[in-house]
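Atoms considered below: every heavy atom in the structure, side chains included; atoms not considered: hydrogens, waters and symmetry mates. Residue numbers start from 1 in every chain, and the chains themselves are labelled A, B, ... in the order their sequence lines are given, proteins ahead of strands.
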There are 2 protein chains.
Amino acid sequence: MGNQPQIRTTTEAWESLFRTQVAVMRRLQQLPEFKKLAMREYDVLFNLSNCPTGWTRLNELNEALLISQPSLSRMVERLEAKGLVRRRTAESDQRGIEISLTEAGAKLQQEIGREHVRHLHEMLAPRLSEAEFRQLHELTDKLRTGLKNS
Amino acid sequence: MGNQPQIRTTTEAWESLFRTQVAVMRRLQQLPEFKKLAMREYDVLFNLSNCPTGWTRLNELNEALLISQPSLSRMVERLEAKGLVRRRTAESDQRGIEISLTEAGAKLQQEIGREHVRHLHEMLAPRLSEAEFRQLHELTDKLRTGLKNS
DNA sequence: CCATATTACATGCAATTGCATCTATGGACT
DNA sequence: AGTCCATAGATGCAATTGCATGTAATATGG
C-alpha cells in the first residue's frame, strides 16, 4: 500500500479541501433558495429525507451536523413549530426522541433541494471533468469512512 | 479535455466532500487547543498569519470566512480587546480598515497551530496514502481556483 | 436489587450571529 | 464642482448559538 504521508502533505490537502468548502458555501448561501430556509435548517430536512425509515434519532442527526446538541434541540423545536418536522419519543429508549419530516417539510425539502442541486451543478460542473469528480468523490469517501472508526 | 460531468456526479462529489469536512471538523472542535480560542477565531488569526505584508483588509479577510460582515467586525473588536489583533485605517481608502496580529496574537496562533497540525495529521494520515493526499489537494485546488472567476 | 454512573435530551442564561440600517468615503457621470 | 450611486465598516436589535447544568431514563457493578 502507499507510503506514510508527510505532515505537510496531509495538512495542505486538508487546508485546500477546507478552503474549497468555504468558497462554495459562501456562494451557495447567497442563492435565493436559502431565503426560504437557512442552510443549516435545510441540512436537517435533507438529512431526514435521506433516512430510510423516515424517523431519525436526535443524537444520530446531531452527529451529521456541526451545531451543538442544545442548538439542534431548539432548531428542531422551531422546525416543529413551523410544521416541517414531527417528533415522538423513541420506543426502545424512553429518553430518546425521534424526528421525521411532515408532508410540508418533505415538500419544502424537495423544492429547495431541486434548486440547490441545479445551482450546485452550474457552479461546479465547469471546474472539473466527470472523471475528476469521481476521483474526488472516492477520495473524500475513503477519508470519511476511515474516520468513523476512531 | 474531460466530458461534461453528469449532475449526479458533481452533486454526489460535493456531498461527499461536505460530509467529510463536517466529520473532520466535529472531531477537531473537541480537541484541547480549541478551548483556548474558538475555531472561528483561530481561523482569523491563521489567515492573518498567512498574509505576506502582515496587514489585511477586513473585507478581504471576510471573503475567506463563512461569517457575515457585521459578525467579523465584532469578532475583530473582541480579538482586539484581547490584545491578539491590531487595527488601523487603510491609507489608500479611508473607509477601510486593516488588521494585523500583535506579538501575543502571533504567538497564540503558532501555539494553537502546532497542536492543530499535529492532531490533524494523526487524524488524517492513516486514511489515505501520500499520493492520494496529493491528488485530493490538486483536485480541490483546481475546483476552488476555478470558482474565483465567476 | 440497590447505588452509582452514563446517556439523551431540555433549559437558563450569557455570548455570538445575522439582518437591516446607518455613516462616511470613494467613484462616476454630467 | 455637484449629484447620485457604490463600497467599507459600524451599530441597534432580535434570533440563534453554546456552555453549564438540570431532569429523566438506562446501563453497570457490587
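For the side chain to side chain contact (heavy atoms under 4.5 Å, CB included) test, residues two or more places apart in sequence or in another chain that qualify with A:Asp93 are A:Arg57, A:Arg95.
Place B:Gln94 and B:Met75 on DNA chain C by their nearest nucleotides, and B:Met75 ends up nearer the 5' end.
Ion pairing between B:Arg87 and B:Glu98 fails under the 4.0 Å rule for side-chain N and carboxylate O. B:Arg19 and B:Glu15 are joined by a salt bridge, as a carboxylate oxygen and a charged side-chain nitrogen come within less than 4.0 angstrom of each other.
B:Lys35 places its NZ atom 15 Å from the P atom of D:dG18, with the value rounded to the nearest Å. For the pair B:Asp93 CG and C:dT25 P, the interatomic distance rounds to 10 Å; values are reported in whole Å. Going from atom CZ of A:Arg78 over to atom P of C:dA10 covers 13 Å, rounded to whole Å. Rounded to an integer number of Å, the gap from B:Met39 CE to D:dC19 P is 13 Å. D:dA15 atom P lies 16 Å from atom CG of A:Leu79, rounded to whole Å. Atom CG of B:Leu72 is separated from atom C1' of D:dA10 by 12 Å (rounded to the nearest Å). Between A:Leu37 atom CG and D:dA15 atom C1' there is a gap of 14 Å when expressed in whole angstrom units. The distance between atom CZ of B:Arg74 and atom C1' of C:dG18, rounded to the nearest whole Å, is 9 Å.
Not one N or O on the side chain of A:Arg127 forms a donor-acceptor pair closer than 3.5 Å with the backbone of B:Arg144. Without hydrogens or angle criteria, B:Arg86 side chain to B:Leu101 main chain gives a donor-acceptor distance under 3.5 Å. With hydrogens and angles ignored, the 3.5 Å screen pairs a side-chain donor or acceptor of A:Thr140 with a backbone N or O of A:His137. Under the 3.5 Å distance criterion, the side-chain polar atoms of A:Asn62 are matched with a main-chain donor or acceptor of A:Ile67.
Nearest nucleotide to the side chain of B:Arg95, out of C:dT25, D:dT17, D:dA25: C:dT25.
Axis angle, first five pairs versus last five pairs of the helix from C:dC1-D:dG30 to C:dT30-D:dA1: 40°, rounded to 10°.
Residues from residues 44-71 of chain A with heavy atoms under 4.0 angstrom of DNA chain C, sorted by number: A:Arg57, A:Leu58, A:Asn59, A:Gln69, A:Pro70.
Taking the six-membered ring for Trp and the full ring otherwise, B:Phe46 and B:His116 have centroids separated by 6.0 Å or more.
In this structure, A:Arg40 does not reach the C:dG18 phosphate: none of its side-chain N or O atoms is under 4.0 Å from OP1 or OP2.
Side-chain heavy atoms closer than 4.5 Å link hydrophobic residues (I, L, V, M, F, W, Y) into clusters, and following such links, possibly through other members, connects A:Leu61 to B:Met25.
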